[in-house]
Amino acid sequence: MTVKESYDPASHYDRVMAAWQLLLGDELHYGVFDDGDEPLDVATRALTERMVAAADLQTSGHLRVLDVGCGSGAPARTIAGRFGVEVVGITTSAVGVETARRRTAEAGVDGVTFEQRDGTANGFDDASFDRVWVMESAHLMRDKDALVSECARVLRPGGRLVLCDLVRWREIAFREVRERRDDFAVLREAFGDAHFESLDGFGALARGHGLVVDRGDDLTAATLPTFDRWRANADAHHDAVVELIGTAGRDAFVRSCDILEAFWRDGTFGYGLVSATRPGGSTS
Ligand SMILES: C[S@@+](CC[C@H](N)C(=O)[O-])C[C@H]1O[C@@H](n2cnc3c(N)ncnc32)[C@H](O)[C@@H]1O
């Protein structure tokens, strides 16, 4: 099935990149909240910290990290700046590559490069990375098997895959999709063409490609306050967001927060993190 061009993740991210900065912040992902009162940027950094811990970046020796779906490059800059690792960030969005390169140059962070490539066919050599970091981009790739296959292929023996994303906690029958088609249309309008995998499904895909899964965290409750913060940003930056993505785009974003929050609460969708190691070799 072809996807309407504006819903295709590459064109979608070309279109929303600047507005997302106002709505989501510098890090284009959910936040993990301890007590629910923290500002959004503290919570988004906390999710990055979860990924850092799972990735095991504090090893001796030079690590090469592939960041699949790098957004504006904020997580890549964080890990390169803190751990001195080399990061190659990839995204299908041309605007994303340009934005990530510009912000990284402005921040003066070394060791980070960005390229326009697809995570489901990345084109890198086999066994050429020590870590593969997939932060909230998997839902934008229909072919999850191809994504995980590519991640496993480019990992060196002993290397680690870390992935966090929106997840599906239950099967959704076609009848339910049909009954709720207006809600799903709003979600597609706001976030582009997206397909959620289950946490177990990600684990099974990793095992299927020869990786040993060691973590599967349910972050649904911890990410729930994100929707309140996003709605608050949509209010605080109302005029600027309308200027960038129009009234319909802003309204779809706010309505999407309501729809997703209800899905989070009723156990349909949520958030998860998985990590896995490619057997053989050492971890660094
Ligand atoms: C929600 S953003 C996450 C950005 C970043 N990982 C972060 O956490 O700040 C999703 C990213 O995935 C990228 N993306 C979507 N489909 C992709 C694909 N097939 N291959 C690579 N990147 C993709 C988008 O362009 C965007 O940069």
Side-chain angles (χ1 to χ4, degrees), residues 3 5-32 40-41 43-52 54-55 65-80 87-104 107 109 112 114-124 131-151 154 161-167 187-188 190-197 219 223 226 230 253 256-257 260 271 273:
V3 179
E5 204 207 330
S6 60
Y7 297 148
D8 168 71
S11 1
H12 178 78
Y13 268 85
D14 282 351
R15 191 166 58 84
V16 300
M17 203 67 195
W20 257 212
Q21 182 79 17
L22 297 172
L23 294 166
L24 275 61
D26 203 25
E27 308 210 16
L28 302 182
H29 53 244
Y30 283 63
V32 163
L40 181 60
D41 62 336
T44 53
R45 277 201 300 274
L47 177 57
T48 302
E49 288 308 315
R50 299 280 186 129
M51 289 281 281
V52 163
V65 181
L66 175 63
D67 177 0
V68 179
C70 58
S72 59
R77 286 189 290 280
T78 296
I79 60 177
V87 187
V88 180
I90 62 169
T91 170
T92 43
S93 163
V95 173
V97 170
E98 190 274 321
T99 307
R101 284 179 181 160
R102 180 168 34 80
R103 294 212 180 127
T104 301
V109 177
V112 192
F114 300 97
E115 297 178 29
Q116 190 176 8
R117 295 186 187 230
D118 188 331
T120 61
N122 64 46
F124 291 110
R131 303 287 185 270
V132 178
W133 171 286
V134 187
M135 190 164 200
E136 213 172 295
S137 58
H139 66 283
L140 298 165
M141 296 175 230
R142 265 175 193 252
D143 192 345
K144 311 280 188 262
D145 187 66
L147 165 66
V148 178
S149 163
E150 282 290 86
C151 293
V154 301
L161 166 67
V162 285
L163 180 154
C164 66
D165 206 1
L166 295 86
V167 294
L187 293 179
R188 196 166 49 240
F191 295 107
D193 188 51
H195 301 267
F196 301 165
E197 183 55 82
L219 300 177
T223 49
T226 304
W230 287 354
F253 179 85
S256 287
C257 291
L260 284 173
Y271 208 95
L273 186 155

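Both ligands and their constituent atoms are indexed starting at 1 by order of listing.
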| Mind checking whether T99 and R102 have side chains closer than 4.5 Å, heavy atoms only? | yes
| request: Classify the contact between M135 and ligand 1 as side chain, backbone, both or neither, using a heavy-atom distance cut-off of under 4.0 Å. | output: both
| In terms of residue, atom name and distance, what is the protein heavy atom nearest to atom 12 (O) of ligand 1? | S137 CB, 3.2 Å
| query | Quick one: are I79 and V87 in side-chain contact, heavy atoms under 4.5 Å? | reply | yes
| field | Close approach of T91 to ligand 1, heavy atoms, under 4.0 angstrom | value | yes
| message | Considering E27, R142, E136, M17 one by one, which has a heavy atom nearer to atom 10 (C) of ligand 1 than any of the others? | response | E136
| Closest non-hydrogen atom pair, S72 against R103 | CB-NH1, 3.2 Å
| field | Protein contact to atom 5 (C) of ligand 1 [nearest heavy atom, distance to 0.1 Å] | value | G69 O, 3.3 Å
| query | So which heavy atom in the protein is nearest atom 1 (C) of ligand 1, and how far is it from that ligand atom? | reply | Y13 OH, 3.0 Å
| said: Could you identify the single nearest non-hydrogen protein atom to atom 27 (O) of ligand 1 and state the distance to 0.1 Å? | reply: G71 N, 3.0 Å
| remark: Atoms of ligand 1 under 4.0 Å from any heavy atom of H29, numbered from 1 in the order shown, are 7 (C), 8 (O), 9 (O)
| request: Report yes or no: does G96 have a heavy atom closer than 4.0 Å to ligand 1? | output: no
| field | Closest non-hydrogen atom pair between L273 and M51, with its separation | value | CD1-SD, 4.0 Å
| said: Heavy-atom count check: over 12 atoms from other residues, nucleotides or ligands less than 6.0 Å from R50 CZ? | reply: no
| Nearest heavy-atom pair of L28 and G71: which atoms, and what distance? | CD1-CA, 4.0 Å
| task | Considering heavy atoms of the protein only, find what lies nearest to atom 3 (C) of ligand 1 and give residue, atom and distance to 0.1 Å. | result | L28 O, 3.3 Å
| query | Considering only heavy atoms from C-beta outward, does the side chain of H29 approach that of P75 to under 4.5 Å? | reply | yes
| With atoms numbered from 1 as shown, which atoms in ligand 1 lie under 4.0 angstrom from a non-hydrogen atom of C70? | 4 (C), 5 (C)
| Which heavy atom of Q21 sits nearest a heavy atom of D26, and at what distance? | NE2-OD1, 3.2 Å
| Do any nitrogen or oxygen atoms of P75 come within less than 3.5 Å of a nitrogen or oxygen of ligand 1? | no
| request: Considering heavy atoms of the protein only, find what lies nearest to atom 19 (N) of ligand 1 and give residue, atom and distance to 0.1 Å. | output: D118 OD1, 2.9 Å
| Y30 pairs by side chain to side chain contact (heavy atoms under 4.5 Å, CB included) with which of D165, L166, L219, L24? | L166
| query | Can you find an N/O atom of D26 closer than 3.5 Å to an N/O atom of ligand 1? | reply | no
| message | Taking a cutoff of less than 4.0 Å between a non-hydrogen atom of the residue and any ligand atom, is A74 in contact with ligand 1? | response | no
| field | ligand 1 atoms in contact with M141 (distance to a heavy atom under 4.0 Å) | value | 17 (C), 18 (C), 19 (N), 20 (N)
| query | If every non-hydrogen atom of Q116 is compared with every non-hydrogen atom of T92, which pair is closest and at what distance? | reply | NE2-O, 3.0 Å
| task | Over all heavy atoms of both residues, which pair between S137 and V134 is shortest? Give the atoms and the distance, please. | result | OG-CG1, 3.4 Å
| remark: Quick note on ligand 1: atoms under 4.0 Å from a heavy atom of R117 include exactly 20 (N), 21 (C)
| query | Do any nitrogen or oxygen atoms of V68 come within less than 3.5 Å of a nitrogen or oxygen of ligand 1? | reply | no
| said: Quick test of your reading of the structure: of T48, T92, L47, whose heavy atom lies closest to atom 18 (C) of ligand 1? | reply: T92
| request: Number the atoms of ligand 1 from 1 as they appear, then name those within less than 4.0 Å of a heavy atom of G119, with their elements. | output: 18 (C), 19 (N), 20 (N), 21 (C)
| task | Measure the acute angle between the ring planes of F196 and H139, then classify it against the limits of 30° and 60° as parallel, tilted or perpendicular. | result | perpendicular
